[in-house]
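Report on one structure; see the data block that follows.
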Amino acid sequence: MKYREYKGISYAALADDILQYWKDNKIFEKSVDSREGNPSFTFFEGPPSANGTPGIHHVMARAVKDIFCRYKTLQGFQVKRKGGWDTHGLPVELQVEKELGITKEDIGTKISVEEYNRKCREAVMKFKDQWDDLTEKMGYWVDLDNPYITFERDYMESLWYLLKQLYDKGLLYKGYTIQPYSPAAGTGLSSHELNQPGCYRDVKDTSITAQFKVVRNERSEPLFANAQGDVFFIAWTTTPWTLPANNSLAVGKNINYVAVKSFNQYTFEPITVVLAKDRVSGYFNKKAEGIALSDYKPGDKLIPFEIAGEFRGSELVGLDYEQLMPYIPLEKPAFTVLEGDFVTTEDGTGIVHLAQTFGADDYRVSVKHHVPGVFVTDEEGNQAPIVNKQGRFVQEITDFAGMPVKNYAGEDESDAEYRSTDVKIAIKLKEENRAFKVEKYEHSYPHCWRTDMPILYYPLESWFIKTTAMKDRLVELNKTINWKPKSTGEGRFGNWLENLVDWNLSRSRYWGTPLPIWRSEDKKEEKCIGSVAELKAEVEKAIAAGFEQKPIDADFDLHRPFVDDVILVSDSGQPMRRESDLIDVWFDSGAMPYAQWHYPFENQDVFKNNFPADFIAEGVDQTRGWFFTLHAIAGLLFDNVAYKNVIANGLVLDKNGNKMSKRLGNAVDPFKTLAEYGPDATRWYMISNANPWDNLKFNIEGVQEVQRRFFGTLQNTYNFFALYANLDGFTFSEEEIPMAERTESDRWIISKLNSLVVEVERAYDEYEPTRAARAIMDFTTDDLSNWYVRLNRKRFWRGEYNADKQAAYQTLYTCLLTIAKLGSPIAPFYMDHLYRDLNGVSGKEEADSVHLGQFPVADEGRIDAQLEAKMDKAQLVSSLVHSLRKKDMLKVRQPLSRILIPILNPETREQIEAVEDLILSEVNIKAIEYIDDTSGILVKKIKPNFPRLGKQYGPKMKEISKAVAQFGQEDIAEIERQGQKTIELSDGQVILTREDVDITSEDIPGWSVASENGLTVALDVTLTDELRQEGIARDLVNRIQNLRKDMGLEVQDKIKIAVERGDELVEAALEANHDYICAETQALSLELQEEVADATELEMDELKLRVKISV
RNA sequence: GGGCUUGUAGCUCAGGUGGUUAGAGCGCUACACUGAUAAUGUAGAGGUCCGUGGUUCGAGUCCACGCAGGCCCA
């Protein structure tokens, strides 16, 4: 049996073949099944949504997932990977609406909810085929035959179960949150909707800086010292309509404030106002500086002002003020000054007006300080804000009752009589001496994408999961998770947990999992349904009570509108209707550990064995998405983490670092890339180029480079092996040659190989695939190909098939096979191909695929650090000699007599001596001479040992370093001889020992030398006749080899050589090196003739030679 | 505005715990090699280590403040 030999190789075609092989032989299935009974390694697939097409970044994300699943499989774990599809949510709805040319308003009129949801269900799998195709082609092994699908009834039933668990624990509640709300459309808006183009618009609004009158008491007394008139806090708002809802003010505790005596520009009354010191220039005209307060006359344009006092924000906290627009009285601690971390002095006054009901920050701070908000009681007896859902003031706001806070009534704004409600409020405040400044202000404000009307931030009822109740536990659990990179876990995710707010579950939509909560009309009774069976039972009760006609079907769909039609009966006999909300789709995906197995209704054992996950990986944008929802549900309901290790990978950008987008046309087509370069080079490039968590600038040239440099080199090395192994019939059938009987370079590459196994295993274990890939790559190109193979080429093609040759074959075979195993998680196709090409002949392993075998185990006994150090020296010396040859224009083919190496310690000499032969043949030199001190010709260099001396002498280093730099050869000799030397510093003596300095030899007078890393080499460039002849012989061999090749001769063909007499030197060279030439060129004879017919004229530097070779 | 993150050669990236000549690959230039050959080797040029301060005898590395890019969130 022969190793396959390749002329050209198409990596993409190769991958196709391997893919077919995997399919035909069910290799993936076997890789899982064959580990039955072994410990499991659990991986959770974060479900993609198949309503869009996959991009190149998915190749990246999935390569990361695949690598560790394959790696753990090789280590003997059973790694089940259930695929999944995320199917619910707004993007699907929007896509359907776009296709049908409808809007949300048309649902229920132009199209029924049932029909709409059917369209969504169809749309969601629109590109499933493309996804499956990509999965397959890129070699991502995941079970696509039995995926979990979030819209399936079993999946949704598990969600209901989990929701009920939360409900029963008191962790599911209905409350308020401040959300973008469109009164014109009568609906809340998601941030996604708000971010649609055109939603934020520059508008001119009436802004008011209002005066909040300070209550004079003991605490506020300092503000009144030196004041005139009433004292006010002034605060700025661009939404004056929120002022009747003001319930507190906020200041920054480290901001400096001043009290300023001045006059109100509308009423001309003397006043004292408090604002941030940095903002004074924004509110008072500099030109008025120096005008005395007493000179002010009502109506003056320039209003004088005078600083009356300065205060820290912290001194203002806790002071009381009078309600600005007292329509609704409030209990204390309303109308006091609070501290707010969001307060700045960028604009406004450095004092912020808060209205709990109309701002998210406002709400948060108010709740935190237990400040009551401004509410009224509506007809149903519930608390309601002072603006109703139509965007109009309620009756209680008497002066403005019924007025729309923005122009929702569609009044003609160009009418001279038109006054916006904001303006009306401003007028009222002006009249009351409560408006310090009113002006138009242009700013960017969000608008409803459907009605084009400005939105309000408005309190809306929502269902929440009380994640804050378990915050500390969630933080604690997070600390046990191994995050890659660490900073995402500690920073982005950790901070997010520290500042956790309750999880708003409600979505007012159609295509998603309905909230399984039914409520009576008076909202006093409710039931949370946790399973289909429970629903069935409740429906039976409802039938008995006469609210329902018939029991629900066995295949009852849990989606809208079907669940909406179900009326249940409360314990007291009231009808109950379902709360109309759907739940956040993030709950769908965060619940996948349970719902994918239809837990707890089925598969309880499977679940127990596969929770929590050992490993997950998704984009860093999932930090507050999937990573969080997994963590929250697991923490709240199972008091556990959902995953132990997580990689948060970065973005894939285009080669210029810009985000890829289909619109800009810089998106890379994954299918095209895979088809052109194959999956292996693509994956290897992505993994080796940057850590997964760093952004990747995807450059197709990088893929080409990986293909050429890594896969090309590896394949070349294999080809080389295959060529000669086939000639010699090496199939690794004989016993392994003991290491002791192998050559130094064999043992060296085996040592390096085992070091590599250790390094790669550690890298994979630490979820550092980039380190693994780079290590494999470096070993393959530098150590194996560029050093081991290059140095040992002759062993493969010269001489008979003996033990030494076997050793070489075995060594190279082992390296190649091990690379195949180590690299298989990253380049699954190519490495399997390589593995099967090798193992297919040797049959040494039983596995039919590299993915069914075992990960290599390092034999630490074969790691020889000494030997590796020696070889480092050989490479160093060779490189230095090459450098010298280059400098003197002496080509490697010209042998030289000797190199000199100054030796300052015996260890270096031993190391070099051990690899002397390698060096000599590599650089074509006859001998190495070691020069030690006794020669007396070395010029030495001395340098302080900084780390050592620095610790001891610290500040004296500068002086010491100066002193040492001035050492002459004598001084160096002294310290070497006596082991120490005393130097004089300005403030005393310092004794330097031999260890305190580094002594190197960097020069041999009269020689051309090269130095690196403390090693110096000098080259003897004297050319004797003998050397010159040998050089000629080598040149001739080279030319004859070329002729052989040109003639198309096979490696083993024998030839005869005839050379025409001419040059004496050449003749002498041929005679002296006759045997050498014949051996190298497989020549049976080498003859000098007076005249050679049909000869080829060879040019060798300045020589010309007529030669003929014949078979 | 906040949190996190990145910034080192033309490009892509390495640079434990601070230590005096800052590295690799690609690209470029030159040379060499020629039975691994549509390969390979060697050398050279190329650096304001984002900036400014600070700590230190000594900073690419530590600290502070900025600048620029990115992500997430307001």
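Naming: A, B, ... by sequence-line order, numbering from 1 per chain. This structure is a prediction, so every number in the text was calculated from the model and none was measured.
A donor-acceptor contact closer than 3.5 angstrom links the side chains of A/Tyr6 and A/Asp837. With hydrogens and angles left out, the side-chain atoms of A/Ser745 and A/Asn792 include a donor and acceptor closer than 3.5 Å. Side-chain atoms of A/Asn504 and A/Thr177 form no donor-acceptor pair, as typed in the model, at a separation below 3.5 Å. For the 3.5 Å distance criterion, the side chains of A/Asp782 and A/Trp787 fail to qualify, holding no donor opposite an acceptor. At a cut-off of 3.5 Å, with distance as the only test, no side-chain donor of A/Glu5 or A/Asn719 sits close to an acceptor on the other residue.
Using the Watson-Crick or G-U wobble rule with both distances under 3.5 Å, B/A36 pairs with nothing in any strand shown. With a 3.5 Å ceiling on both atom-pair distances, the Watson-Crick or G-U wobble partner of B/U12 is B/A24. B/C4: Watson-Crick or G-U partner is B/G70, with both key distances under 3.5 Å. Pairing for B/C65 is with B/G51, a Watson-Crick or G-U wobble pair whose two hydrogen-bonding atom distances lie under 3.5 Å. Nucleotide B/G41 forms a pair with B/C31, judged by Watson-Crick or G-U wobble geometry with both contacts under 3.5 Å. Pairing partner, B/C57: B/G19, with both Watson-Crick or wobble hydrogen-bond distances short of 3.5 Å.
For A/Asn945 and B/G19, the CG to C1' distance is 9 Å, given to the nearest whole Å. Atom C1' of nucleotide B/A74 and atom CD1 of A/Ile178 are separated by 15 Å, given to the nearest angstrom. In this structure, A/Ile9 places its CD1 atom 15 Å from C1' of B/A36, rounding to the nearest Å. Counting to the nearest Å, the C1' atom of B/G15 and the CZ atom of A/Arg774 are 11 Å from each other. Remark: P of B/C13 and CZ of A/Phe698 are 13 Å apart, rounded to the nearest angstrom. Rounded to whole angstrom, the span from the OH atom of A/Tyr788 across to the P atom of B/G41 amounts to 18 Å. Between A/Tyr953 atom OH and B/G19 atom P there is a gap of 21 Å when expressed in whole angstrom units. Atom CG in A/Asn691 sits roughly 16 Å away from atom P in B/U12 (whole-Å rounding).
Within the nucleic acid shown, A/Arg948 has no heavy atom closer than 4.0 Å to any nucleic acid atom. Among the heavy atoms of the strands, none lies under 4.0 Å from A/Lys956. Within 4.0 Å of A/Gln1041, counting heavy atoms only, lies at least one base atom of the nucleic acid. Nucleic acid contact class of A/Gly950 (heavy atoms, under 4.0 Å, all strands): base. Residue A/Arg1034 is out of contact with every strand shown, counting any heavy-atom pair closer than 4.0 Å.
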Going by atom type alone, with no hydrogens or angles, which donor-acceptor pairs under 3.5 Å involve a side-chain atom of residues 698-705 of chain A and a protein atom two or more places apart or on another chain?
residue  : atom : partner  : partner atom : Å
A/Asn699 : OD1  : A/Glu701 : N            : 3.1
A/Gln704 : NE2  : A/Tyr677 : OH           : 2.7

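Residue A/Phe710 holds its CZ atom at 14.5 Å from CZ of A/Arg708, rounded to the nearest 0.5 Å. Considering OH of A/Tyr457 and CG of A/Asp362, their distance stands at 11.5 Å, rounded to 0.5 Å.
Taking atom P in both B/G70 and B/A24, the straight-line distance is 32 Å, to the nearest Å. Between the C1' atoms of B/U56 and B/C13, the separation comes to 30 Å (whole Å). Across the C1' atoms, B/G3 and B/U48 are found 31 Å apart, a figure rounded to whole Å. When the C1' atom is compared between B/G25 and B/U8, the two are found 15 Å apart, to the nearest whole Å. The same atom, C1', is picked in B/G46 and in B/C65; the two are 32 Å apart, to the nearest Å. To the nearest whole angstrom, the two C1' atoms, one in B/U21 and one in B/G60, are 15 Å apart. The same atom, C1', is picked in B/A36 and in B/U29; the two are 26 Å apart, to the nearest Å. Comparing the C1' positions of B/A59 and B/G53 gives a spacing of 13 Å, expressed to the nearest Å.
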Under 3.5 Å, N/O pairs linking protein and nucleotides 9-11 of chain B:
none

Each nucleotide N or O in nucleotides 30-32 of chain B that has a protein N or O under 3.5 Å away: list the pair and distance.
none

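Taking the centre of each ring, A/Tyr724 and A/Phe796 stay at or above the 6.0 Å mark. Checked against a 6.0 Å centroid threshold, the rings of A/Phe627 and A/Trp483 count as neighbours.
The A/Arg709 side chain lies nearest to B/G25 when the options are B/C13, B/G25, B/G19. Checked against B/G3, B/U6, B/U12, the side chain of A/Asp694 finds its nearest nucleotide in B/U6. Taking only side-chain atoms of A/Asn716, from C-beta outward, the nucleotide of B/U40, B/A14, B/A36 with the closest atom is B/A36. Nearest to the side chain of A/Val789, among B/C57, B/G25, B/A36, sits B/A36. In this structure, of B/G35, B/C57, B/A14, it is B/C57 that holds the atom nearest to the side chain of A/Met957.
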Test log, rule salt bridge (charged side-chain N to carboxylate O under 4.0 Å, His left out), inputs A/Glu766 and A/Arg771: CA-CA 10 Å; A/Glu766 291 171 1; A/Arg771 247 169 49 199; 3.0 Å; yes
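Among pairs with a residue in residues 483-495 of chain A, those fulfilling salt bridge (Lys or Arg N to Asp or Glu O under 4.0 Å) read A/Lys484-A/Glu768, A/Lys486-A/Glu490, at least two apart in sequence or across chains. Residue pairs meeting the salt bridge (Lys or Arg N to Asp or Glu O under 4.0 Å) criterion with at least one partner in residues 683-693 of chain A, sequence neighbours excluded, are A/Asp66-A/Arg683.
Taking 4.0 Å as the cut-off between side-chain N and carboxylate O, A/Asp1035 and A/Arg1039 count as a salt-bridged pair. Note on A/Lys805 versus A/Glu800: no salt bridge recorded, every NZ/NE/NH1/NH2 to OD/OE distance being 4.0 Å or above.
Between A/Val990 and the choices A/Leu949, A/Leu985, A/Asp996, the side chain to side chain contact (heavy atoms under 4.5 Å, CB included) rule is met once, by A/Leu985.
Judged by distance alone, with hydrogens and angles left aside, A/Thr713 brings no side-chain donor or acceptor close enough to the base of B/A39 to form a pair under 3.5 Å.
For B/U42, neither phosphate oxygen OP1 nor OP2 lies less than 4.0 angstrom from any side-chain nitrogen or oxygen of A/Arg790. Considering only side-chain N and O atoms, A/Thr717 lies nowhere under 4.0 angstrom from the phosphate OP1 or OP2 of B/A36. The shortest distance between the side-chain N/O atoms of A/Ser879 and the OP1/OP2 oxygens of B/A43 is below 4.0 Å. OP1 or OP2 of B/A74 has not a single side-chain nitrogen or oxygen of A/Asn499 nearer than 4.0 Å.
A residue-by-residue look at A/Asn719 and A/Ser961 shows that A/Ser961 has its nearest nucleotide of RNA chain B further toward the 5' end. Mapping A/Ser688 and A/Leu784 onto RNA chain B via the closest heavy atom, the residue that lands nearer the 5' end is A/Ser688.
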Where protein sits on nucleotides 59-72 of chain B, one letter per nucleotide: B base, S sugar-phosphate only, - none, heavy atoms under 4.0 Å: -----------BBS
